[in-house]
Amino acid sequence: MSSHQGNLKIYNSLSGQKEKFEPIQTGFVGMYVCGPTLYSEPHMGNMRTFINFDMIFRYLLQLDYKVKYVRNITDAGHITNSAGDEVDSIGKAAKSEKMQSLEIVYKYNVKFQELQRIYNLLPPSIEPTATGHIQEQIEHIEKIIENGFAYVVNGSVYFDVKKYSEKFEYGILSGRKVDELAEETRTLNAQGEKRFFADFALWKKANPEDMQIWRSPWGNGNPGWHIECTAMSTKYLGNHFDIHGGGMDLKFPHHEDEIAQNCGSLGCTPAKYWMHANMLNVNGQKMSKSLGNFFLPKEIVEGTTALFDKPYSPNVIRFFMMQAHYRSNLDFTQDALNAAEKGFSRLSDALQLIDKLTVSPTSSFDVKDLITSFYAAMDDDFNAPILIANLFEAAKRINLINDGKDTITKEDLSLLSTEMNRFLQDVLGIEIGVTNSDSKLAPVMDLVIDLRQQARDNKDWSTSDKIRDGLATAGIVIKDTKDGTSWS
RNA sequence: GGUCUCGUGGCCGAGCGGUUAGGCACCGGUCUGCAAAACCGUCUACUCCGGUUCGAAUCCGGACGAGACCUCCA
């Protein structure tokens, strides 16, 4: 077991407090995160959640936990809206794009996989699909009915919240009380089949126009929205596992209903720790499809969104996101992104300098203390912003060593190098030293820079400045340093 | 209407009872033929009004403002 295990604290949405992380089985972690619904390309807000849980996954791995990370893919449309109408989002998209449901799902899954590569997300251990687990969903529903917490009406099955409340507490995650819910949503109670307005569908009878239909003991139909996560999480992680994550907006009803289903079928809550990542905002408002204030993860990398006048690299975006805590809102603005871009280059420059430093017999500062601070930051509920602040402290030290104002021993230097790289690249998932040098352009540039240096040596300033200005017009920036001239 | 979260310096964003968060910008300096870049340094803020406390951005109450959820949502 790693010496670093055992200090981790996680904010548990279930208790509303930071708790010491104690996995159910020592050394092992089971984590389930709600993945995308593939009826369109995931937007930047969706990506933030996945990036945050990727960071969490990565840190758990760094702590030497054996992590089984399950992130599902919702490829079955099965939603009922507030008026009780069927809104099969995937089927709807399929119709408008004149495709079959599975085509739609496949199309957007390819895009999602590409985004994961672009944004450097580690692949989960398993990415199960809803359509691949219809049988398991049906079995869960049967068990819930058997236990008396669900009823069948006209080919549909509903979860019986009132019955459930007699034995369990509905609303433990979202803090909602069944009695209060009644008052709150009185206007929304338009569904005739339900016994109680808060009951939710486990299985919905098929509509004639549905594109995807499955057989069940209750007739042809579609699984309810929440049951897929219950089926897949228990199949791959067991009845009770360590961490369940997802976006804040899934807390209610999705996660609340998952808890009810798990208790209703297996008698226990699915997860020990519930983690919720906060939303991505645009101008102070949640980025969402329905509001239309979203942009795509690829657009920002390619510079094709109207919101920003230039492209940003995926590394800069990840860095920018990591500067905010996963439980905080984050506003995407051009100024903030530019600031992150500069900050990131400062950090990455320092890291690239590390191998060129000269070592001394002693270190003038406490390197181990600094490294401990990296772990301490992440151990405190994955506080990546603090980690980054500490990495900047390390970057400053590196620069001071480079200037001869600080010293470091060989051992300390190698330790610092290892740990900085570990935290920036392996934990935060931010890659550094990605050179954009064009193989054809490089030798040409070497020649041009050489010619300019000659002119400078001859104090022929007009020629050297002409070269510099000419390159600038071509979009190439010359940087003169002590050790020579570089370009980008 | 109900439940909940939040309001930090020019901007982004940590902090959760006493100690410098950090980044970007600004300003000063080093370097440089000049410039840019880079590096170093400076910059001490917590919406407002009460209260608790030796001490509050941090706890409590109130006001104002913003946002999330209340069966589409990462």
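Within every chain, numbering begins at 1; the chains are lettered A, B, ... in the order of the sequence lines, protein sequences first and strands thereafter.
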When you measure from the side-chain N and O atoms of A:Arg346 to the phosphate of B:C39, is any distance below 4.0 Å, counting only OP1 and OP2? yes
Ignoring backbone atoms, establish whether A:Asn399 has a side-chain N or O less than 4.0 Å from OP1 or OP2 of B:C40. yes
Look at the side chain of A:Asp480 against the base of B:A35 and say whether a donor-acceptor pair falls under 3.5 Å; ignore hydrogens and angles. yes
Pick the P atom in B:A21 and in B:C39, then give their distance to the nearest Å. 22 Å
Measure from CD on A:Gln323 to P on B:A14 and round the result to the nearest Å. 10 Å
Please compare A:Ala324 and A:Ala339 by the position of their nearest nucleotide in RNA chain B and report the one closer to 5'. A:Ala324
Check whether any side-chain heavy atom of A:Ser156 lies under 4.5 Å from a side-chain heavy atom of A:Val152, and answer yes or no. no
Calculate the interatomic distance between A:Arg327 atom CZ and B:A14 atom P; express it in whole Å. 10 Å
Between B:G33 atom P and A:Asp460 atom CG, what is the distance in whole Å? 15 Å
On RNA chain B, nearest-nucleotide positions of A:Gly284 versus A:Phe344: which is more 5'? A:Phe344
Separation of the C1' atoms in B:A66 and B:C48, to the nearest angstrom: 15 Å
Identified side chain to side chain contact (heavy atoms under 4.5 Å, CB included) partner of A:Asn281 from the options A:Asn293, A:Leu330, A:Thr333, A:Asn329: A:Asn329
Please evaluate the base of B:G33 for a donor-acceptor partner in the side chain of A:Asp465 within a cut-off of under 3.5 Å? yes
Under 4.0 Å, heavy atoms only, any strand: does A:Leu330 hit a base, just the sugar-phosphate, or nothing? sugar-phosphate
Quick one: closest heavy-atom pair of A:Asp331 and A:Phe320, and the distance? O-CZ, 3.4 Å
For the C1' atoms, the ones on B:C46 and on B:C40, what distance do you get once it is rounded to whole angstrom? 28 Å
Using Watson-Crick geometry (N1-N3 plus N6-O4 or O6-N4) or G-U wobble (N1-O2, O6-N3), each under 3.5 Å, B:C39 is paired with B:G29
Under a 3.5 Å limit for both distances, which nucleotide forms a Watson-Crick or G-U wobble pair with B:A14, could you say? none
It should be established whether A:Ser464 places a side-chain nitrogen or oxygen under 4.0 Å from OP1 or OP2 of nucleotide B:G33. no
B:C12 C1' sits how many Å from A:Leu280 CG, rounded? 13 Å
With respect to the side chain of A:Thr333, which nucleotide from B:C12, B:U71, B:A74 is positioned closest? B:C12
Per A:Leu250 side chain, nearest of listed nucleotides B:C72, B:G33, B:A74: B:A74
Think A:Asn402 has a side-chain N or O under 4.0 angstrom from the OP1 or OP2 of B:C39? no
Treating A:Ser233 as the side-chain partner and A:Cys229 as the backbone partner, does any N or O pair qualify as donor plus acceptor under 3.5 Å? yes
Spacing of A:His226 atom NE2 relative to B:C72 atom C1', expressed in whole Å: 11 Å
For B:G22 and A:Lys396 - does any side-chain N or O of the residue sit under 4.0 Å from the phosphate oxygens OP1/OP2? no
Closest of B:C12, B:A68, B:A14 to the A:Pro385 side chain is B:A14
Interatomic distance, A:Asp331 CG vs B:A14 P [rounded to whole Å]: 12 Å
For B:U47, which nucleotide in any strand shown is its Watson-Crick or wobble partner with both distances under 3.5 Å? B:A63
C1' spacing across the pair B:G29 / B:G7, given as an integer number of angstrom: 37 Å
So which nucleotide does B:G1 pair with, by the Watson-Crick or G-U wobble rule with both distances under 3.5 Å? B:C70
P gap between B:G17 and B:A57, integer Å: 13 Å
Picking from B:A74, B:U32, B:C69, which would you name as closest to the side chain of A:Met279? B:A74
Applying a 4.0 Å non-hydrogen cut-off, can you work out what A:Met47 is touching in the nucleic acid: base, sugar-phosphate, or nothing? nothing
Under 4.0 angstrom, heavy atoms only, what part of the nucleic acid is A:His43 near: base, sugar-phosphate, or nothing? base
Minimum heavy-atom distance between A:Ile118 and A:Pro314, given as atom pair plus value: O-CB, 3.3 Å
From the candidates B:A74, B:A21, B:G22, the one with an atom nearest any side-chain atom of A:Ile386 is B:A21
Could you measure between the two C1' atoms, the one in B:A63 and the one in B:G22, and give it in whole Å? 33 Å
Can you check whether any acceptor in the base of B:A35 is under 3.5 Å from a donor in the side chain of A:Arg468, or vice versa? yes
Just wondering, do A:Trp461 and B:G33 stack (centres under 5.5 Å, planes under 30°)? yes
Students often get this wrong, so: under 4.0 angstrom with heavy atoms, is A:Leu400 touching a base, only sugar-phosphate, or nothing? sugar-phosphate
Distance below 4.0 Å between A:Lys342 side-chain N/O and B:A25 OP1 or OP2: yes
Base, sugar-phosphate alone, or nothing: which one does A:Ala389 contact when heavy atoms must sit under 4.0 Å apart? base
A:Tyr170 OH - B:U3 P separation (whole Å): 17 Å
Pairwise C1' distance, B:U71 and B:U3 [rounded to whole Å]: 15 Å
Which class fits the ring pair A:Phe112 and A:Phe50: parallel under 30°, tilted 30 to 60°, perpendicular over 60°? perpendicular
Mate of B:U53 where both pairing distances stay under 3.5 Å, Watson-Crick or G-U: none
Which is true for A:Asn338 with a 4.0 Å heavy-atom rule: it touches a base, it touches only sugar-phosphate, or it touches nothing? nothing
Can you tell which of A:Asp54, A:Leu280, A:Asn52, A:Leu115 makes a side chain to side chain contact (heavy atoms under 4.5 Å, CB included) with A:Met47? A:Leu115
Determine the Euclidean distance between corresponding P atoms of B:C59 and B:G23; express it in Å to zero decimal places. 26 Å
Among A:Arg318, A:Gln113, A:Met55, side chain to side chain contact (heavy atoms under 4.5 Å, CB included) partner for A:Leu121: A:Arg318
Within the 3.5 Å criterion, strictly below it, is a donor on A:Thr485 or A:Lys479 matched to an acceptor on the partner's side chain? no
Spacing of A:Ile73 atom CD1 relative to B:A74 atom P, expressed in whole Å: 13 Å
